[in-house]
Amino acid sequence: MPERNVFTWNAIINTYVKDNNFVQARALFDAAPFKDWVTYNTMLSGYVNSEGFQDEAVRLFSEMQFVDEVSEYALTTMLGLVTKLSLLSYGRQLHSYMLKTGNSLNRYSLSSLIAMYSKCGCFKDAWRVFDGSDDGFVDTVSKNTMVAACFREGELEMARNVFLSRRQLNDEVSWNTMISGFAQNGYEEEAIRLFRIMMEEGFVWNEHSFSSFISACSGVKNLKLGKEIHGWILKKGMSLNPFISSSFVNLYCKCGLLNYAHSICKTTQKANPFAVTPLIVGYSETGNMLEARRLFDSLPDKNHVVWTAMISGYVKAHQCEEAFQLFRELMTQKTTVPDELIFINLLGACAIHATFNYGKQIHACILRTGTAMDAKLSNSLVDTYSKGGNVTYARRIFQLAVDRDTILYNSMIAGYALHGYENEAIQLFSQMTEQGFQPDEVTFLALLSVCRHRGLVKLGEEYFFSMTQDYKISPGFDHYASMIDLYGRANQLDKAVSLMETLPMEPDAVILGAFLNACKMNRNAELAKAAEDKLLQIEGGNGSRYAQLAGIYASEGKWNEMGRVMKMMRGREAKKTAGCSWVYIGDTVHTFISGDRSHMENDAIYITLGCLIKELSKLSATIFLEEEFCIFY
DNA sequence: CTAGGGTTAG
């Protein structure tokens, strides 16, 4: 190129920027004999829009201010950067700079500011920018940005009002924003309705419309509608679009058609984490952890969502050790930083294992990574520490929690209940209602648990009454089972019987189980026999129920009845799930089931156990008998 | 030649 000018220099720099060749772009930028603000803005936007050059962007922006007047282009570019990095205070500084230099009043600034405030979590400021601007500056883009901001905030009616005002500005993006907004906020039917109207009003569906629509179908598991649109998309030849195909994978996974989902996933040229992640979740839910792991391992680039899906899959399948192991692998990788959801899943694993040490380690990890503590995370910590046996830590977390919700109160009340801190639980419930938190069915379950273990029949009845009368919560199976258990433990079998007679529904296995237990505690084998048929009808396949029945007859000395039930158990090949105990020593878990002889230190353990049983038998003959009965099983 | 909005997964 014999003749060069500022335009040609800018063009060649831009070409290298677009090719992500920042070494060459920067060399040309430094060497350029002519520079105008386009040169700077080209370089700046290149830095902003690529990973890893954001420090350079800030440095260049600072330099630019001394070279020439900063243009509106540079300001909107920088707003995009602070939005991506969620740097609200920088965003505010840019906003005031724009106001001072008269750069805040153009279409680009308007939409960038709305997006920045919305994505940085300041919906009110986003609205102020939009609402306070002159009508002349509001264009389609800033209107659409505002609609999206409303959905992000969960303000659905506000979104609709903005959408309906100045309707002539609406375009395809406006419609797609509405469809995805409703779909994401749990109004799938509305999203599906709008999808249809969009076409009727003459707008053309594109990949955005399809993705959101398929996502809405997945949300309500509407397989029929999903298949209809699938056929349509196959005909249109759009099925290989990565957004669309991964949405279909998700749809079929949610509807339980894993084979179908898997075959679609295979049609994609390169592994798409957006298609693989739902499959990992799907296989995990069916307990096929090997296939889930195989898919996970097949992904070359794993982001934090994939890691979370795999870890949560292990936790759901109760393979907690694998979850911890995978987390250790994650931490050795420097690329992915664990987020709140990963921690919540891991804490769930700790709660399942009832392990205090792991819980403490995860907690420390949360603090080290500077993860923000919200109600959900506090809740997981309270639950983990309670179940791990340390209610003091649980309480500390609860007291330090700034934003609380009903669920957090529920966990703390349940934690107190678990550890026999009945007064604290009761007191916390009063505090909860005084602070204006609405108790739910779980709250009352925890409260009834308190009453059951303390034998507080009167208070339990009060809660049960208050739940229906004051809070309009209709009791579920678990609430009735709790009440029956409460009466049973308090030796008021007559009340349990009359509650059984007035149940508004057919009792389930849990209620019948509680009733049988009440019969056992009150040594009433006749009533138990009456409930036996019903229970075995519902849960004939559950071996532990036969064992429970046998136990009742045995405790009454009715050995014939016991033998009869045991025979039924064998005849139906019903297996009793073995209950187990475990203890962490160092990094190793030692698990025991009843009559277990497999442990390496078997002899020492049984000698100690024998000594303990001897000591116990001195204390009480009853305990000894029941202990022997357990070993017999 | 440079700047703004909407899509998929835990």
Side-chain angles (χ1 to χ4, degrees), chain A residues 5-15 17-18 36-46 48-49 71-81 83 103 106-116 118-119 139-149 151-152 169-181 183-184 205-215 218 241-251 253-254 265 272-282 284 296 299 302-313 315-316 339-342 344-345:
Chain A
N5 60 22
V6 68
F7 286 88
T8 59
W9 277 95
N10 290 346
I12 192 69
I13 291 169
N14 185 45
T15 305
V17 161
K18 290 279 138 53
D36 62 2
W37 39 262
V38 175
T39 328
Y40 278 93
N41 294 340
T42 305
M43 206 60 222
L44 185 70
S45 85
V48 165
N49 293 321
S71 72
E72 51 187 26
Y73 280 82
L75 286 164
T76 45
T77 305
M78 286 305 284
L79 268 181
L81 179 67
T83 305
N103 276 314
N106 65 65
R107 301 167 11 234
Y108 290 93
S109 308
L110 199 55
S111 56
S112 303
L113 282 167
I114 295 167
M116 185 276 291
S118 162
K119 288 179 181 169
D139 68 347
T140 302
V141 176
S142 43
K143 210 189 102 170
N144 290 344
T145 314
M146 196 60 234
V147 173
F151 280 119
R152 214 168 277 130
L169 290 176
N170 284 346
D171 63 357
E172 274 83 6
V173 175
S174 321
W175 282 90
N176 292 338
T177 309
M178 292 294 282
I179 294 166
S180 84
Q184 285 178 343
W205 292 326
N206 63 14
E207 57 191 47
H208 293 261
S209 338
F210 291 129
S211 298
S212 301
F213 176 76
I214 301 162
S215 161
S218 316
N241 176 291
F243 284 102
I244 294 176
S245 62
S246 59
S247 301
F248 277 127
V249 172
N250 185 42
L251 170 77
C253 282
K254 290 271 153 67
C265 187
N272 178 358
F274 284 90
V276 173
T277 308
L279 268 174
I280 290 176
V281 176
S284 299
F296 176 80
L299 268 184
K302 301 179 184 68
N303 59 27
H304 68 122
V305 181
V306 183
W307 281 94
T308 313
M310 194 64 231
I311 288 174
S312 106
V315 178
K316 269 186 238 148
D339 68 351
E340 186 195 30
L341 210 51
I342 290 195
I344 287 174
N345 275 294

Atom-pair distance ([atom1] on [X]; [atom2] on [N]), nearest Å:
X         : N       : atom1 : atom2 : answer
Asn41(A)  : dG4(B)  : CG    : C1'   : 14 Å
Met78(A)  : dT2(B)  : CE    : C1'   : 15 Å
Leu75(A)  : dT2(B)  : CG    : P     : 18 Å
Ile342(A) : dA9(B)  : CD1   : P     : 17 Å
His304(A) : dG10(B) : NE2   : P     : 12 Å
Asn272(A) : dT7(B)  : CG    : C1'   : 13 Å
Ile280(A) : dA9(B)  : CD1   : P     : 14 Å
Leu110(A) : dA3(B)  : CG    : P     : 19 Å

I'd like to know if [X] reaches the base of [N] with its side chain, counting only an N/O donor and acceptor under 3.5 Å.
X         : N       : result
Thr76(A)  : dA3(B)  : yes
Ser112(A) : dG4(B)  : no
Asn303(A) : dG10(B) : no

Discussion item. Quick one about Asn250(A) and Ser247(A) (side-chain donor to acceptor, distance below 3.5 Å, no hydrogens or angles considered), yes or no?
Written reply: no
Discussion item. Is a donor from one side chain sitting under 3.5 angstrom from an acceptor on the other, for Lys316(A) and Asn345(A)?
Written reply: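 There is no such pair (donor and acceptor under 3.5 Å, judged by atom type) between the side chains of Lys316(A) and Asn345(A).
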Sugar-phosphate, base or nothing in reach of [X], heavy atoms under 4.0 Å:
X         : result
Val281(A) : sugar-phosphate
Thr177(A) : sugar-phosphate
Thr145(A) : sugar-phosphate
Lys254(A) : sugar-phosphate
Thr140(A) : base
Trp175(A) : nothing
Asn345(A) : nothing
Asn103(A) : nothing

Could you work out which one of [options] sits closest to the side chain of [X]?
X         : options                 : result
Ala309(A) : dG6(B), dT2(B), dG10(B) : dG10(B)
Asn250(A) : dT7(B), dA3(B), dA9(B)  : dA9(B)
Val305(A) : dA9(B), dG6(B), dC1(B)  : dA9(B)
Arg107(A) : dG4(B), dC1(B), dG6(B)  : dG4(B)
Lys18(A)  : dT2(B), dG6(B), dA9(B)  : dT2(B)
Thr277(A) : dG10(B), dT7(B), dT8(B) : dG10(B)
Ser212(A) : dG6(B), dT7(B), dG10(B) : dT7(B)
Ser180(A) : dA3(B), dT7(B), dG10(B) : dT7(B)
Asn206(A) : dT2(B), dT8(B), dG6(B)  : dG6(B)
Ser211(A) : dT8(B), dA9(B), dG10(B) : dT8(B)

Using a cut-off of strictly less than 4.0 Å, decide whether [X] has a side-chain nitrogen or oxygen near OP1 or OP2 of [N].
X         : N      : answer
Asn14(A)  : dT2(B) : yes
Lys119(A) : dG4(B) : no
Gln184(A) : dG6(B) : no
Asn176(A) : dT7(B) : no

Report yes if some heavy atom in the side chain of [X] is under 4.5 Å from a heavy atom in the side chain of [Y]; otherwise report no.
X         : Y         : answer
Phe248(A) : Leu251(A) : yes
Ser209(A) : Asn206(A) : yes
Ser245(A) : Val249(A) : no
Ile342(A) : Trp307(A) : yes

Fill in: Backbone of Asn10(A) reached by a side-chain donor or acceptor of Asn14(A) within 3.5 Å
no
Practice prompt. Determine, answering yes or no, if Tyr108(A) is stacked on dG4(B) under the 5.5 Å centre rule and the 30° plane rule.
Written response: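 Given the distance and angle limits, no, they do not stack.
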Fill in: Whether Phe274(A) stacks on the six-membered ring of dT8(B) base, 5.5 Å and 30° limits
yes
Worksheet item: Of the non-hydrogen atoms in Ser212(A) and Asn176(A), which two are nearest, and what is the gap between them?
Response: OG-O, 4.5 Å
